[in-house]
Protein chains: 2
Amino acid sequence: MNGSSRLVVATHVLTVLAVVSDQRLSSEKLAWSLNTNPVVVRRLLGHLRDADLVISKRGPNGGFALARSPDDVSLYDIYEALEVDSLFTFHPNEPNEACPVGDNIQAILTETLKPAEKALTDELKTITIDDLSQQILERSATPIESVESADLGD
Amino acid sequence: MNGSSRLVVATHVLTVLAVVSDQRLSSEKLAWSLNTNPVVVRRLLGHLRDADLVISKRGPNGGFALARSPDDVSLYDIYEALEVDSLFTFHPNEPNEACPVGDNIQAILTETLKPAEKALTDELKTITIDDLSQQILERSATPIESVESADLGD
DNA sequence: CTAATTGTAACATCCATAGTTACAAATAGT
DNA sequence: ACTATTTGTAACTATGGATGTTACAATTAG
């Protein structure tokens with residue numbers, strides 16, 4: 001999984017859940033904030049549930065809530081939950097083994113890029129959704145209740 | 001530009017050029033090492049030419065060569081030349097502005113993720129294609145001449 | 001003049017992601 | 001039990017970006 005907006009989208013959803021604290025929100029309300037389809041939300045949150053970042057409940061008054069305290073959910077946790085294989089993807093075709101560069105470059109790059117990827121993930125570990133949620137509260141003119149009571153149109 | 005294999009592919013090509021030092025190689029020979037189509041190579045190298053990483057020459061005995069010393073070309077230079085917008089892409093739809101999270105999350109994330117992206121690019125600056133080319137020479141059983149005299153089949 | 005080679009446009013193909021529809025499973029309220 | 005709500009998930013379609021291909025004009029060495 002790579003190159004998609006899923007890390008950002010997942011972060012958005014979890015930040016909404018952090019902002020409303022322990023209230024459950026339905027996939028429909030979350031989709032409203034993301035401006036997308038409820039099934040997309042359920043699919044994405046399925047991964048986050050498997051990684052114990054959220055809990056879900058079916059039936060009337062069901063929905064999703066954080067499984068942990070917001071200050072215990074870092075962007076790295078989300079990154080990991082989404083199983084981003086690697087930042088750096090290889091060409092669909094295998095390089096030519098008859099070429100000394102083609103025969104070795106992928107193994108060499110994989111090793112060489114590890115510290116770069118680690119530098120990134122180490123930074124992601126320092127950012128929690130609690131940080132993001134607090135920034136939202138500082139900035140936002142709109143009261144938080146607007147999320148809980150959102151008019152979903154029809 | 002994002003989420004593609006282009007950084008890896010471009011690095012591969014430039015490493016080939018580093019390994020054969022100042023010799024010019026045609027897009028066909030480079031495509032042979034990459035196991036792809038010559039036009040793909042020409043297109044990609046067009047960006048690297050615009051960024052002054054390679055020079056090209058048309059006509060008989062034309063082709064591509066490095067524009068600078070291999071130890072003066074870092075992976076960050078390539079990253080920059082390819083104009084990777086950002087590591088982190090946003091959802092195709094704008095989030096809902098009526099939601100306090102949707103209205104602010106993108107601006108907040110853009111700022112918050114900058115140090116993470118910088119951590120990555122700082123690491124990329126420390127890796128040059130000269131490093132990679134030396135690793136190839138250490139590992140490779142196949143002699144380098146094989147690239148210059150590659151049998152391109154037909 | 002010819003052959004080689006880049007530069008680039010135009011189009012086709014492919015693949016991953018996102019969107020949609022549909023429906024079974026679970027559960028709260030009555 | 002019945003009904004309404006909501007998740008879980010399969011199956012399919014739509015979209016967009018990247019790659020592959022064909023074609024040909026422009027450049028240049030000999």
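Numbers restart at 1 for each chain; the letters A, B, ... are given by sequence-line order, proteins then strands.
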Could you report the tightest heavy-atom contact between B:A81 and B:L53, atom names first, then the distance? CB-CD1, 4.0 Å
Indicate yes or no for a side-chain donor-acceptor contact from [X] to the backbone of [Y] under 3.5 Å, with no hydrogens or angles considered.
X: A:R24; Y: A:N61; value: yes
X: A:S26; Y: A:K29; value: yes
X: B:D77; Y: B:S74; value: yes

Could you check how far [atom1] of [X] sits from [atom2] of [N], rounded to whole Å?
X: A:R49; N: D:dT7; atom1: CZ; atom2: P; value: 11 Å
X: B:R42; N: D:dT22; atom1: CZ; atom2: P; value: 13 Å
X: A:N37; N: D:dC12; atom1: CG; atom2: P; value: 18 Å
X: B:L30; N: D:dG20; atom1: CG; atom2: P; value: 15 Å
X: A:N35; N: C:dT20; atom1: CG; atom2: P; value: 10 Å
X: A:L82; N: C:dA18; atom1: CG; atom2: C1'; value: 15 Å
X: B:E28; N: C:dA3; atom1: CD; atom2: P; value: 17 Å
X: B:F88; N: C:dT17; atom1: CZ; atom2: C1'; value: 19 Å

Does [N] have its OP1 or OP2 closer than 4.0 Å to a side-chain nitrogen or oxygen of [X]?
X: A:T36; N: C:dA18; value: no
X: A:K57; N: D:dT5; value: no
X: A:H91; N: D:dG20; value: yes
X: A:S26; N: D:dT6; value: no
X: A:S56; N: D:dG8; value: yes

Counting heavy atoms from C-beta on, name the nucleotide in [options] closest to the side chain of [X].
X: A:S5; options: C:dA18, D:dG20, D:dA23; answer: C:dA18
X: A:N93; options: C:dT6, D:dG8, D:dG20; answer: D:dG20
X: A:R58; options: D:dA10, C:dT27, C:dT5; answer: C:dT27
X: A:P60; options: D:dT9, D:dT5, C:dA18; answer: D:dT5
X: B:V39; options: C:dG7, D:dT21, D:dG8; answer: D:dT21
X: B:V40; options: D:dT19, C:dG7, C:dT20; answer: D:dT19

Are A:N96 and A:D103 close enough, and set up right, to give a side-chain contact (heavy atoms from CB on, under 4.5 Å), and what steps lead you there? CA-CA 6 Å; A:N96 191 335; A:D103 192 32; over 6 Å; no
Going by modelled atom types, is there a donor-acceptor pair between the base of C:dG19 and the side chain of A:R43 at under 3.5 Å? yes
Using only heavy-atom distances, determine whether the side chains of B:T128 and B:D130 contain a donor-acceptor pair under 3.5 Å. no
Students often get this wrong, so: under 4.0 angstrom with heavy atoms, is B:G59 touching a base, only sugar-phosphate, or nothing? base
Remember a base hit wins even if backbone is also touched, and classify A:G46 as base, sugar-phosphate or nothing at under 4.0 Å, heavy atoms. nothing
Judged by nearest nucleotide, the residue sitting upstream toward the 5' end of DNA chain C, B:P92 or B:L45, is B:L45
